[in-house]
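Here is the structure we will look at, set down as structure tokens.
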Amino acid sequence: MSSATTDPLSALVALPGVADSVDAVRKAVDRAYGHRVMRRRSHEVTAEAALRGARGSAALAGADWALEEVRRRTDFGAQGEPRTVGAALRLTAEAGQLLSVWRQSPLRVLARLHLVAAGDVARGESVAGETDVVGRPRLAGEGVDEPLIELPLPDADEVAGRLDGLARLLLAGTEAPALVVAAVVHGELLALRPFGSHNGLVARAAERVVLVGSGLDPKSICPAEVGYAEQGRAEYVGALEGYASGTPEGVAAWIVHCGRAVELGVRETTAVCEALQRGAA
């Protein structure tokens, strides 16, 4: 096992409750993949998990739409809740296409995810000048539109340094379980809010990239976003505040919170599998 100095992510497994959470997540995901529906209809399960995950992520960003409304709608405007839901759907579709790039350049992937999330801005459908802030970390003096996260906002220099440090950790490799790596990526991006908008959506999509790319959930059938939404925004923000505090207890509680979200996502997928099985019977 690597030391805490050479592999700091791996050292997080020793925090209270983390090893148990990692074990519970691994068992839950294995059960989902063992469902008989996955043998012949895994593509349908993946598609449904993507839709439900996008709905959950949008709900955390303030657009708490019913699943059937998300499924029915084809028009997503450039403002308000429709814009948020559209961004969540685009990110869910894009995340699976970026696995190989993530292994080489996580920062490139983050920039791409933000570009996809702000797709209406990138097409020039928003206010003049807003396109200048899309797909890159914010600069000194630039604000952040992330009203649901009220943590102190790090300045641009701190953001740049911590993003670079995170990328170095990921590229160096780690023996840490996928849950731990995904939780740290998710937590860092929310704590830093490196982009001018859509940071929560991007953070949850990046977590999805890690969970899929690590091999824990290769078919992307375990939507943690569903679990975050089910636990509620207050618990989500509270756990994030613990992570941002940097205390061992706070970081551990955040990782456990993320693990519980994956478990709840598995429960959702199991229900989908059961429904598909009944429909085929």
Side-chain angles (χ1 to χ4, degrees), residues 43-97 113-123 125-126 130 134 144-150 186 189-190 193 195-209 211-212 217 220-240 257-258 260-276 279:
H43 292 303
E44 293 174 69
V45 178
T46 295
E48 188 65 21
L51 184 72
R52 293 176 185 231
R55 193 215 74 82
S57 191
L60 288 167
D64 192 1
W65 289 15
L67 178 64
E68 291 310 311
E69 178 67 8
V70 178
R71 193 191 307 278
R72 180 186 68 82
R73 286 281 288 267
T74 57
D75 58 315
F76 298 98
Q79 299 296 329
E81 291 188 4
R83 178 185 182 183
T84 299
V85 175
L89 289 166
R90 290 193 300 273
L91 283 171
T92 300
E94 184 74 10
Q97 310 302 314
L113 290 173
H114 187 246
L115 185 66
V116 169
D120 54 310
V121 176
R123 291 190 300 269
E125 297 173 13
S126 204
E130 196 173 352
V134 171
V144 173
D145 180 17
E146 202 75 40
L148 302 178
I149 304 296
E150 298 180 352
H186 185 172
L189 293 175
L190 278 178
R193 282 146 292 159
F195 301 108
S197 63
H198 301 300
N199 289 285
L201 295 176
V202 168
R204 291 183 287 275
E207 179 183 67
R208 169 60 33 205
V209 170
L211 293 173
V212 173
D217 181 20
S220 195
I221 65 167
C222 305
E225 303 91 339
V226 169
Y228 293 124
E230 184 170 337
Q231 291 179 92
R233 196 180 301 154
E235 282 195 37
Y236 183 71
V237 172
L240 174 63
H257 181 77
C258 294
R260 180 58 180 156
V262 176
E263 290 185 74
L264 291 170
V266 168
R267 188 176 72 180
E268 184 88 354
T269 289
T270 301
V272 169
C273 288
E274 293 295 328
L276 288 172

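Atoms considered below: every heavy atom in the structure, side chains included; atoms not considered: hydrogens, waters and symmetry mates.
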Q: Please check if the side chain of T270 supplies one atom and the backbone of V266 the other of a donor-acceptor pair under 3.5 Å.
A: yes
Q. So which heavy atom on A88 is nearest to which on A54, and how close?
A. CB-O, 3.4 Å
Q) Tell me, do H257 and Y236 make a side-chain contact under 4.5 Å, heavy atoms counted? A) yes
Q | By side-chain contact (heavy atoms from CB on, under 4.5 Å) - contacts of A205 (at least two apart) | A | L91, L113
Q. Looking only at heavy atoms, which two atoms of G53 and V226 are closest? And how far apart?
A. N-CG2, 4.0 Å
(Q) If you compare all heavy atoms of C273 against all heavy atoms of V45, which two are closest, and at what distance to 0.1 Å? (A) SG-CG2, 4.0 Å
Q: Would you please name every residue forming a side-chain contact (heavy atoms from CB on, under 4.5 Å) with V144, sequence neighbours left out?
A: R138, E146, L153, R193, N199
(Q) For E150, I'd like to know if atom CD has over 12 heavy atoms of other residues, nucleotides or ligands within 6.0 Å. (A) no
Q: Work out which heavy atom in A95 is nearest to a heavy atom in R208; give both atom names and the distance.
A: CB-CG, 4.2 Å
Q | F195: partners by ring-ring contact (aromatic ring centres under 6.0 Å, His included), with sequence neighbours left out | A | H114
Q | Between CG on residue L60 and CG on residue L190, distance to nearest 0.5 Å | A | 9.5 Å
Q.
Under the side chain to side chain donor-acceptor pair (under 3.5 Å) test against Y228, which residue among E207, R260, R204 passes?
A. E207
**Q.** Contact summary for L189 and A206, nearest pair of heavy atoms
**A.** CD1-CB, 3.8 Å
Q) What pairs of residues pass the salt bridge (Lys or Arg N to Asp or Glu O under 4.0 Å) test when at least one of them lies in residues 225-238, not counting sequence neighbours? A) E230-R267
Q: Can you measure from CZ (R72) to CH2 (W65) and round to the nearest 0.5 angstrom?
A: 8.5 Å
**Q.** Residues that A50 engages under side-chain contact (heavy atoms from CB on, under 4.5 Å), provided they are two or more places apart
**A.** T92
Q. Nearest 0.5 Å, what's the SG-CG distance between C222 and L264?
A. 11.5 Å
Q) salt bridge (Lys or Arg N to Asp or Glu O under 4.0 Å): which pairs involve residues 44-65, sequence neighbours left out? A) R41-E44, E48-R52, E48-R71, R52-E268, R55-D64
Q. Mind checking what makes side-chain contact (heavy atoms from CB on, under 4.5 Å) contact with A87, not counting sequence neighbours?
A. R90, A117, H198, L201
Q) Would you say the side-chain atoms of D217 pair up with the backbone N or O of L211, donor to acceptor, closer than 3.5 Å? A) no
Q: Identify, with sequence neighbours excluded, every residue that meets side chain to side chain donor-acceptor pair (under 3.5 Å) alongside T269.
A: none
Q | Counterpart residues, side chain to side chain donor-acceptor pair (under 3.5 Å), relative to D75 (two or more places apart) | A | R73
**Q.** Listed partners of Q97 passing side chain to side chain donor-acceptor pair (under 3.5 Å), at least two apart
**A.** none
